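Here the structure is laid out as structure tokens; the discussion comes afterwards.
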Amino acid sequence: MPITNYLAANLPRKPALSARFTLGLLAVSITAAVAPQALAQSEPEFSNGFYAGFNEDIPEVLTTTRLRQPKTRVPGSTTVIDGDLIRNLGIVNLYEVFRLVPGMVVNFVGSHTPVTTYHGTVHYEQRRMQVLVDGRTAHRATLSDMDWETMPVPLEMIERIEVARGPNSAAYGINAFLGTINIITRDPADTGGAEFKVTRGSRGHLRTFGSVGNTGSDYDWRLTYEKRKFDGFDYQIEGGEKEPFDDGHDINSFTYDSRLQLNSQANLELRGGVVDGTNYQDRFKSGDLEPLENPDIEVRDFYLQTRLNYATSDRHFFHIQAAVENFDRRQAYAVSFPDNTAQCLRDGTPLYEYTYFDNGDDRERLCFTSSGGEMAFATVNANSEDTRLEFEFQDTLLFSDNLKLVSGAGFRKTGLFRSRAYTG
């Protein structure tokens with residue numbers, strides 16, 4: 001939830017022009033020699049024994065209760081990760097940020113697909129955790145899982161990330177059972193000018209980022225482009241032999257963020273983004289049956305979001321938000337399977353059903369055994385597309401510094417799923 005409820009946070013700022021070039025192939029360290037006389041003249045300063053961080057301002061949190069308040073008053077465990085910290089640590093992937101959160105698990109499954117969950121209960125589908133980007137639900141509508149590698153959120157555009165550790169379904173719906181992640185991006189008024197960055201590394205790592213924007217008295221806007229490319233690991237061990245490992249990705253994303261100041265009381269936000277690229281999948285780790293080729297996934301996603309912020313006074317304000325997000329995955333590959341599999345398909349027998357033997361301990365999927373017949377070949381069409389629609393209204397009334405009222409309503413439709421492989 002961005003800080004848009006306070007008009008002072010939306011004042012225009014002077015545009016800045018910056019350009020950065022980073023080369024991740026070689027690290028060079030330069031050490032300056034200082035004369036002993038200079039060392040003797042500059043004596044170190046010691047503190048009074050208290051931790052310097054105690055004198056810093058207490059961070060304010062928006063996510064946990066949908067109300068801006070100091071972290072010490074939030075009724076729940078909340079972690080706030082500042083965007084500058086993310087960039088100073090040299091983090092290159094969004095999912096790596098959550099290694100900083102107590103209780104969060106970051107791991108990889110299948111073709112080196114990242115998964116992130118809080119006190120995870122499942123391995124592949126990290127469900128039951130709400131993920132928001134500027135107040136817009138970002139997890140996939142079908143299995144409620146996250147595709148972290150294709151999220152159109154450049155690290156340079158992150159203002160901060162708030163993680164509410166624990167159930168919060170009363171504020172964010174049924175998927176916020178384990179926790180809520182709210183990624184808040186930088187205001188367009190703070191990113192006027194141009195910025196460009198290129199990072200290269202081993203194993204074909206390439207990351208290109210560019211942004212351009214402008215600020216004005218009534219209209220602020222920003223356009224960003226990011227390319228993330230990684231060739232993956234060199235090989236894997238299958239049956240004691242080294243096999244090529246197809247586990248990289250090549251993702252391109254464009255995003256647009258803007259705010260139009262309608263009058264002294266109201267402003268309108270508009271956001272949009274497109275994701276295009278390939279998520280490489282290895283045939284030994286992904287795909288059904290026995291893939292003869294790597295079942296790579298072509299990604300074609302987009303989202304649109306608009307939000308009206310209105311303040312009747314400095315103690316009463318509300319917002320109305322609408323968003324649509326579409327996830328399009330195209331995956332087709334050739335497979336081979338034994339004769340019993342073809343017979344099970346004709347009979348309608350579940351392919352992955354186990355048959356237990358008399359001893360009760362041994363079991364086998366008979367549909368994947370061979371009776372000596374010829375192998376069958378086919379093409380699997382695993383294309384899928386799902387769409388989510390969201391509407392939200394929230395009203396905030398501040399009676400005093402100690403009494404505040406937040407009310408609202410939301411509607412979310414996530415049943416627009418289309419796939420010949422799963423629904424016929």
Side-chain angles (χ1 to χ4, degrees), residues 107-115 117 120-128 139-147 174-175 177 236-241 243-247 278-300 326-388 413-424:
N107 210 330
F108 300 90
V109 297
S111 299
H112 201 66
T113 301
V115 293
T117 186
T121 57
V122 291
H123 193 40
Y124 267 77
E125 290 81 23
Q126 59 279 16
R127 300 170 293 171
R128 308 180 184 92
H139 60 74
R140 295 179 60 185
T142 49
L143 297 176
S144 296
D145 63 342
M146 283 299 305
D147 191 348
I174 192 173
N175 210 57
F177 176 70
Q236 59 184 325
I237 304 298
E238 287 292 335
E241 300 291 335
E243 297 285 348
F245 198 7
D246 190 61
D247 63 333
T278 305
N279 194 349
Y280 299 113
Q281 302 290 304
D282 190 81
R283 66 189 185 95
F284 294 108
K285 302 294 184 180
S286 306
D288 297 319
L289 301 177
E290 294 293 335
L292 299 176
E293 56 187 350
N294 293 321
D296 299 335
I297 301 176
E298 299 293 328
V299 179
R300 306 285 188 273
N326 189 79
F327 301 91
D328 189 354
R329 299 291 187 274
R330 303 177 186 180
Q331 185 183 35
Y333 53 95
V335 297
S336 64
F337 45 88
D339 52 347
N340 283 345
T341 304
Q343 185 62 39
C344 288
L345 291 173
R346 285 191 291 266
D347 298 342
T349 304
L351 293 179
Y352 293 92
E353 182 179 58
Y354 280 107
T355 298
Y356 290 86
F357 298 99
D358 294 338
N359 57 15
D361 296 328
D362 298 332
R363 63 179 186 174
E364 190 175 12
R365 287 171 172 162
L366 297 181
C367 287
F368 290 94
T369 60
S370 176
S371 298
E374 295 184 357
M375 295 287 291
F377 301 90
T379 299
V380 173
N381 180 359
N383 297 347
S384 65
E385 186 176 5
D386 51 278
T387 307
R388 177 194 296 112
K413 183 176 179 59
T414 59
L416 305 178
F417 179 70
R418 300 168 293 280
S419 174
R420 293 183 60 187
Y422 298 103
T423 60

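Here the structure is a predicted model, which means the values were calculated and not measured.
Listed by chain and number, the residues in a side chain to side chain contact (heavy atoms under 4.5 Å, CB included) with T349 are C344, D347, E353, C367 (sequence neighbours excluded). By the salt bridge (Lys or Arg N to Asp or Glu O under 4.0 Å) test, E293 pairs with no residue at all, sequence neighbours left out. The side chain to side chain contact (heavy atoms under 4.5 Å, CB included) test applied to S336 returns E290, L292, M375, F377, not counting sequence neighbours. Taking the salt bridge (Lys or Arg N to Asp or Glu O under 4.0 Å) definition, one finds that E385 meets it with R418, sequence neighbours left out. With sequence neighbours excluded, the residues satisfying salt bridge (Lys or Arg N to Asp or Glu O under 4.0 Å) with D328 are R330. Legend: residues meeting side chain to side chain contact (heavy atoms under 4.5 Å, CB included) with N340, ordered by chain and number and at least two apart, are T369, S371. Scored by the side chain to side chain contact (heavy atoms under 4.5 Å, CB included) test, A378 finds V335, F337 as partners (sequence neighbours excluded). Listed by chain and residue number, D147, D301 satisfy the salt bridge (Lys or Arg N to Asp or Glu O under 4.0 Å) test with R329 (two or more places apart in sequence, or in another chain). Shown here are the side chain to side chain donor-acceptor pair (under 3.5 Å) partners of T113, two or more places apart in sequence or in another chain: there are none. Residues satisfying the ring-ring contact (aromatic ring centres under 6.0 Å, His included) criterion with F368, sequence neighbours excluded, are Y352.
One side chain, N381 or N383, offers a donor N or O that lies under 3.5 Å from an acceptor on the other.
From L351, atom CG reaches atom CG of L345 across 5.0 Å, with rounding to the nearest 0.5 Å. Separation of atoms CZ (R283) and CD (E243) is listed at 6.5 Å; rounding is to 0.5 Å. In this structure, CZ in F284 is found 11.0 Å from OG in S111, a value given to the nearest 0.5 Å.
Contact annotation: the side chain of K285 never approaches that of D247 to less than 4.5 Å [non-hydrogen atoms, C-beta and beyond]. Within the 4.5 Å cutoff, the side chain of H112 has no heavy atoms near those of the Y280 side chain. Using a 4.5 Å heavy-atom threshold, the side chains of N294 and D282 count as touching.
Residues R140 and D386 come closest through the heavy atom pair NH2-OD1, 4.2 Å.
Side-chain atoms of Q281 do not come within 3.5 Å of backbone N or O of P295 as any donor-acceptor pair.
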